[in-house]
Amino acid sequence: MTGTLYTADHRVFQLPPLLSWQVVHTGTVPCDSFSVSFAYQGEMAPVLRMAAGFTAEHNGQTVLRAIVDEYTVDLDGAGLTAAVRGRGYAARLLDNESRPVTYKSATLGEILRNHAEPYGVSCEEAADIRASSVYTVPAGTSQWKAVENFCQTYGGFSPRFSREGRLLAGPEKEGRTIAVGAGDPLLSCTLREDHYGVLTEALVIDKTRNQSFSVKNQEMIQKGGQCRRVVYTPGQSSWAAMRYTGEYQIQRSKEDAWSAEITLPGSFLAFPGDRAALSLERMGLSGTFRVASAENRFDIRNGATAALTLKPL
């Protein structure tokens with residue numbers, strides 16, 4: 001992998017050969033992130049002070065565009081080295097707070113024009129959706145949450161970022177599928193199931209009209225769980241909207257209940273949205289799963305590895 005820095009005063013600097021690197025792809029929040037290290041030379045100082053953007057390329061393809069958060073210079077037994085770290089373009093929306101605003105009949109295009117484009121975020125894909133009721137962005141809400149909440153409430157999907165740093169404000173499209181079986185060079189495999197925080201009931205209350213709607217998670221109730229959340233909605237919410245809000249809260253609480261992580265030799269074997277077809281009978285893992293995140297690492301001593309976090313489709 002190679003790395004390029006872009007400075008705030010529009011200079012481009014090709015980094016020397018990387019001693020180590022880590023690139024994490026999520027496509028959403030928490031952000032994509034990166035960390036790279038390389039041999040340091042004094043003439044790099046003005047570039048590092050002004051570094052604002054970073055691009056990573058692998059085999060001639062862009063695998064990440066990101067912002068630079070920090071750099072360090074270290075002198076130790078290994079010599080003089082520097083490291084640069086940062087996050088994907090979702091950080092531009094996470095780091096900026098929205099003014100409180102209420103929309104009467106907003107479209108996704110209007111939301112993007114007000115909450116994404118002013119922060120240097122370009123949109124590659126935008127679904128044709130419109131708010132069916134009043135949409136409120138409360139005080140203290142990040143620009144990311146302003147966009148994400150709209151997409152989830154009226155489109156039923158979460159926005160994501162491409163590896164090139166462009167916003168994908170539409171339903172996720174199925175990527176390619178990789179197959180992993182007992183004969184593949186699997187370095188590690190971990191299966192995890194955690195019921196902590198999984199809701200058994202979401203009680204949605206419209207305080208203005210003094211109405212409530214309860215949605216229950218029977219699967220978790222049968223497992224002996226007991227975890228209720230009370231959610232207050234803006235006034236004049238429809239029954240459909242209240243039911244959706246309750247179902248959404250339960251689905252979100254289940255997202256981290258089950259996951260598997262597999263580590264393989266190599267780099268950038270899969271990205272979020274891709275599929276992994278597993279046939280690992282010894283672990284009891286068989287079937288096709290969604291790649292939720294991918295962590296790619298390299299250092300001179302251990303070589304390159306790719307850790308894929310998998311979740312149910």
Side-chain angles (χ1 to χ4, degrees), residues 26-32 88-98 100-117 119 121 123-162 166-174 197-199 201-206 213-217 229-257 259 272-273 290-293 311-313:
T26 65
T28 178
V29 173
C31 298
D32 296 347
Y89 276 19
R92 292 184 169 183
L93 303 185
L94 283 168
D95 291 349
N96 288 282
E97 190 173 288
S98 173
V101 59
T102 297
Y103 296 93
K104 290 186 177 181
S105 183
T107 64
L108 178 55
E110 183 179 5
I111 297 298
L112 295 177
R113 284 193 299 273
N114 292 339
H115 299 279
E117 293 175 6
Y119 303 92
V121 172
C123 188
E124 180 176 317
E125 175 185 326
D128 184 15
I129 56 175
R130 177 185 293 271
S132 58
S133 58
V134 170
Y135 178 63
T136 300
V137 180
T141 301
S142 70
Q143 303 292 4
W144 167 258
K145 290 302 295 183
V147 175
E148 183 187 43
N149 289 345
F150 187 90
C151 292
Q152 290 171 340
T153 302
Y154 301 107
F157 62 85
S158 294
R160 304 161 321 284
F161 276 84
S162 70
R166 293 190 287 271
L167 183 62
L168 304 173
E172 184 178 82
K173 297 176 182 177
E174 182 176 338
V198 179
L199 300 184
E201 180 186 9
L203 180 63
V204 185
I205 297 176
D206 184 330
F213 192 92
S214 173
V215 179
K216 295 186 177 181
N217 180 1
R229 292 290 183 271
V230 179
V231 182
Y232 294 94
T233 65
Q236 300 180 352
S237 299
S238 67
W239 282 103
M242 294 175 71
R243 178 178 179 84
Y244 173 78
T245 299
E247 291 176 345
Y248 170 74
Q249 294 296 327
I250 288 176
Q251 290 301 318
R252 285 298 300 268
S253 75
K254 294 164 61 176
E255 287 180 353
D256 295 325
S259 65
R290 176 185 177 273
V291 177
S293 65
K311 294 190 177 182
L313 293 174

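Residue numbers count from 1 along this sequence.
Scanning both residues, Gly246 and Ala202, for their nearest heavy atoms gives O-CB, 3.6 Å. Scanning both residues, Thr141 and Val137, for their nearest heavy atoms gives CB-CG1, 3.8 Å. Closest of all the heavy-atom pairs between Pro100 and Ala139 is CB-N, 3.8 Å. Closest heavy-atom contact between Ser158 and Gln152: OG-NE2, 2.9 Å. Pro171 and Glu125 make their closest contact through O-OE2, 3.8 Å (heavy atoms, listed as atom of the first residue, atom of the second, distance). In plain terms, the two heavy atoms of Ser214 and Leu203 that are nearest each other are CB-CD1, 4.0 Å.
Rounding to the nearest 0.5 Å gives a distance of 15.0 Å between OH of Tyr119 and CH2 of Trp144. Atom CD of residue Gln143 and atom CG of residue Asn114 lie 9.0 Å apart, to the nearest 0.5 angstrom. Remark: Leu199 CG to Lys216 NZ distance equals 13.5 Å, nearest 0.5 Å. Taking OH from Tyr89 and CG from Leu94, the interatomic distance works out to 15.0 Å, rounded to the nearest 0.5 Å. If you take OG1 on Thr107 and CZ on Arg113, they are separated by 5.5 Å, rounding to the nearest 0.5 Å. Put simply, OG on Ser162 and CG on Asp32 are 9.0 Å apart, with the number rounded to the nearest 0.5 Å.
Using a distance-only test at 3.5 Å, with no hydrogens or angles considered, a donor-acceptor pair links the side chain of Thr26 to the main chain of Thr28.
Applying the salt bridge (charged side-chain N to carboxylate O under 4.0 Å, His left out) test between Glu124 and each of Arg166, Arg160, Lys173 identifies Arg166 as the sole match.
Listed by chain and number, the residues in a ring pair (Phe, Tyr, Trp, His ring centres under 6.0 Å) with Phe150 are Tyr135, Tyr154 (sequence neighbours excluded). Every side-chain contact (heavy atoms from CB on, under 4.5 Å) that Glu255 has, sequence neighbours left out, goes to Arg252. Evaluation of the side-chain contact (heavy atoms from CB on, under 4.5 Å) rule for Val198 yields Asn217, Met220, Ser253, Lys254, Ala257 as partners, not counting sequence neighbours.
Using a 4.5 Å cut-off on side-chain heavy atoms (C-beta onward), Ile129 and Phe157 make contact. Between Val204 and Val215, the closest side-chain pair of non-hydrogen atoms is not below 4.5 Å. The closest side-chain heavy-atom distance from Val101 to His115 is below 4.5 Å.
Side-chain atoms of Tyr103 and Glu110 form no donor-acceptor pair, as typed in the model, at a separation below 3.5 Å.
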